Amino acid sequence: MQRRRILSFDDLRDQFGIPYTRRHLLNLELAKKFPARVPIGENRVGWIESEVQNWIERKVAEARR
């Protein structure tokens with residue numbers, strides 16, 4: 001079984017360089033343009049690391065076309 005890591009909002013910014021605000025991320029998610037958040041507790045969400053990495057790879061590929 002593949003081990004999954006859940007990223008916090010700070011992880012998105014600090015480790016992956018995603019500079020978006022929480023509101024902008026939500027707007028992208030609602031438009032299906034960013035991986036959906038995962039509820040991990042009361043008033044706490046995260047994102048699946050592999051899904052975020054795939055999103056980054058797609059954005060890089062789009063930029064190189």
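What you are looking at is a predicted structure, and each value in this text was computed from that prediction instead of being measured.
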Closest approach of [X] and [Y], non-hydrogen atoms and distance?
X: P35; Y: E51; answer: CG-O, 3.5 Å
X: K33; Y: W55; answer: O-NE1, 2.8 Å
X: R22; Y: R37; answer: O-NH2, 4.0 Å

Is there a path from W47 to V60 through hydrophobic residues (I, L, V, M, F, W, Y) whose side chains come within less than 4.5 Å of each other?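 Cluster IDs for W47 and V60 match.
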Linking I/L/V/M/F/W/Y whenever their side-chain heavy atoms sit closer than 4.5 Å, directly or via other members, would L12 and Y20 fall into one cluster?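 Cluster IDs for L12 and Y20 match.
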Note, [X] side chain near [Y] side chain (heavy atom, < 4.5 Å):
X: V52; Y: I18; result: yes
X: I48; Y: I6; result: yes
X: L25; Y: F9; result: yes

Within a 6.0 Å radius of atom CZ on R5, are there more than 12 heavy atoms belonging to other residues, nucleotides or ligands? yes
Using the rule given for side chain to side chain contact (heavy atoms under 4.5 Å, CB included), can you reason through L7 versus F16, listing the C-alpha separation, both sets of side-chain angles and the distance that settles it, and then say yes or no? CA-CA 10 Å; L7 303 171; F16 291 88; 3.5 Å; yes
Side chain to side chain contact (heavy atoms under 4.5 Å, CB included) for H24 and F34? Distances and angles first, verdict last. CA-CA 10 Å; H24 188 65; F34 193 80; over 6 Å; no
How long is the span from the OG atom in S8 to the CD atom in Q15, to the nearest 0.5 Å?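 CD of Q15 is found 7.5 Å from OG of S8.
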Begin with the C-alpha distance, continue with both residues' side-chain angles, and end with the deciding distance and a verdict on salt bridge (Lys or Arg N to Asp or Glu O under 4.0 Å) for R4 and E49. CA-CA 7 Å; R4 292 187 179 179; E49 181 178 35; over 6 Å; no
Using the rule given for side-chain hydrogen bond (donor to acceptor under 3.5 Å, both in side chains), can you reason through R58 versus N54, listing the C-alpha separation, both sets of side-chain angles and the distance that settles it, and then say yes or no? CA-CA 6 Å; R58 284 193 310 274; N54 290 337; 5.8 Å; no
